[in-house]
Amino acid sequence: MAMGLLFALVAGTLVSVQNVFNSKVNEWAGRWATTTLVLGMGFAASFLMGLLFEGGKLLQPKPMEPWFWFSGLIGVGVVTCLVQGIKLLGPTYAVAVVLTAQLGFALLWDSFGWLGLDRVPFTLQQLVGVLVIVGGIVVFKLGGEHSAEKKMEAFE
Amino acid sequence: MKGIFFAFLGGAFITLQGVANTRISDAIGTWQAASLTQLTGFLAALLVFLIVRDGTWGQFKQVKPLYLAGGALAAIIIFGNVTAIQHVGVTLTIAVLLIAQLLFTFIIDLNGWFGVVKQKVRLPQVIGIMMMVAGVVILKL
């Protein structure tokens, strides 16, 4: 439990750092040049970490399902949707909607156990928790809009 | 309306990405999953880039090397995200991840780290983060 929460905290913190760095790259290069670089760096780092921790075992053949090969396309979908959303709504509203959808889908996912994930039974308490968090996101994002519009960086 | 649709779909995709990475990790290992999804994502993005050609190597040279390497953080992000989902489920993982993300972005803004424009604390941001933490406590009560 504590372990899971700690990993989520570390991941979230690094996401915010990465968003800032990526937006710096994006100030000079285009969206797809930036995305290509970011994913290339991500692959190189993941591969090196894998070699470091697992050595040659990293490359042992494993039972692959065909869809594993296409999971990377989701990332391209993310970038496309965020760019369009931010263009049409502005960063503040777009990011508020993105965060809300992330959390809403997470709850759906746990409740239905899609893709063979362990089901976490849906309870009213969970729904209330998620709604309070969404309320917090809305207050955070829309509560002081004037200075938030300066950047696209919040979600890139 | 179209903008809301795109933003909504984008958020759904981000969650899907975490879940897909977790499923692939269960089958072939976490570092393998992180390497595979980013390699295929890289190839797909490269293909789009070769069509739209919206950047050159010269432009990358204008950027500080530290910022160019930002993508490497994804290795730890994916590992953390997958491990958290395996331990506490998707909802709690995403909830805690988003709080850390917004809170740290807020801290970066307050201090003007990494050359971002310095910002003052605004009450709605403090209230918003407190509400989010309260929501996580309700999730886990």
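First the proteins, then the strands, lettered A, B, ... as listed; each starts at 1.
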Asks: So which residue, B/I127, B/I108, B/N81, ends up with the most heavy-atom pairs under 4.5 Å with chain A?
Replies: B/I108
Asks: Less than 4.5 Å apart, side chain to side chain, heavy atoms only: is that true for A/I133 and B/L98?
Replies: no
Asks: Would you call B/V48 and A/T80 a side-chain contact if the rule is heavy atoms closer than 4.5 Å?
Replies: no
Asks: Counting only heavy atoms closer than 4.5 Å, note whether A/E65 contacts chain B via side chain, backbone, both or neither.
Replies: side chain
Asks: What's the shortest heavy-atom distance between A/F21 and B/G70, and which atoms?
Replies: CD2-CA, 3.7 Å
Asks: Shorter than 4.5 Å, heavy atoms on both sides: which option in A/V120, A/T35, A/L103, A/V130 has the most such pairs with chain B?
Replies: A/L103
Asks: If you apply the rule side-chain contact (heavy atoms from CB on, under 4.5 Å), what do you find for A/M1 with B/L92, and how did you get there?
Replies: CA-CA 10 Å; A/M1 168 83 187; B/L92 196 55; 4.2 Å; yes
Asks: Could you have a look at A/L58, A/V38, A/L108, A/T34 and say which one has the most heavy-atom pairs with chain B under 4.5 angstrom?
Replies: A/L58
Asks: Quick check for you: among A/L115, A/L73, A/V10, which has the greatest number of heavy-atom pairs under 4.5 Å with chain B?
Replies: A/L115
Asks: Around B/N111, counting heavy atoms of other residues, nucleotides and ligands shown, do more than 12 lie under 6.0 Å from its CG?
Replies: yes
Asks: Which value, rounded to the nearest 0.5 Å, describes the distance between B/Q59 atom CD and A/L37 atom CG?
Replies: 12.0 Å
Asks: Taking atom CZ of A/F122 as the centre, does the number of heavy atoms from other residues, nucleotides or ligands within less than 6.0 Å exceed 12?
Replies: yes
Asks: Quick check on the interface: out of B/A74, B/A75, B/A69, who has the most heavy-atom pairs with chain A under 4.5 Å?
Replies: B/A75
Asks: If only atom types and distance count, is the side chain of A/Q125 paired as donor or acceptor with the main-chain N or O of B/I138 below 3.5 Å?
Replies: yes
Asks: Looking at B/V19, B/I85, B/L9, which one has more heavy-atom pairs under 4.5 Å with chain A than the rest?
Replies: B/V19
Asks: Nearest 0.5 Å, what's the OG1-CH2 distance between B/T93 and A/W109?
Replies: 14.0 Å
Asks: Could you check which of A/F43, A/F105, A/F70 has the highest count of heavy-atom pairs closer than 4.5 Å to chain B?
Replies: A/F43
Asks: Above 12 or not: heavy atoms from other molecules or residues under 6.0 Å from CH2 of A/W28?
Replies: no
Asks: Flag the pair B/L102 / A/K141 as yes when at least one side-chain heavy-atom distance between them is below 4.5 Å, and no otherwise.
Replies: yes
Asks: Any side-chain heavy-atom pair from A/F68 and B/L36 closer than 4.5 angstrom?
Replies: yes
Asks: Are there over 12 heavy-atom neighbours, none belonging to B/K64, within less than 6.0 Å of that residue's NZ?
Replies: no
Asks: Heavy-atom pairs under 4.5 Å with chain B are the metric here; pick the option from A/L88, A/V76, A/L39, A/L48 that has the most.
Replies: A/L39
Asks: If you tally heavy-atom pairs under 4.5 Å against chain B, which of A/P63, A/G4, A/A101, A/S16 wins?
Replies: A/S16
Asks: Any idea which of B/F60, B/Y67, B/F13 has the most non-hydrogen atom pairs under 4.5 angstrom with chain A?
Replies: B/Y67
Asks: More than 12 non-hydrogen atoms from neighbouring residues, nucleotides or ligands closer than 6.0 Å to CE on B/M130, yes or no?
Replies: no
Asks: Side-chain contact test, heavy atoms from C-beta onward, threshold under 4.5 Å: evaluate it for A/E54 versus B/W31 and give yes or no.
Replies: yes
Asks: Using a 3.5 Å distance criterion without hydrogens, assess whether the side chain of A/Q102 forms a donor-acceptor pair with backbone atoms of B/T15.
Replies: no
Asks: Examine whether an atom of A/W69 lies under 4.5 Å from a heavy atom of chain B, and if so say whether it belongs to the side chain, the backbone or both; otherwise answer neither.
Replies: both
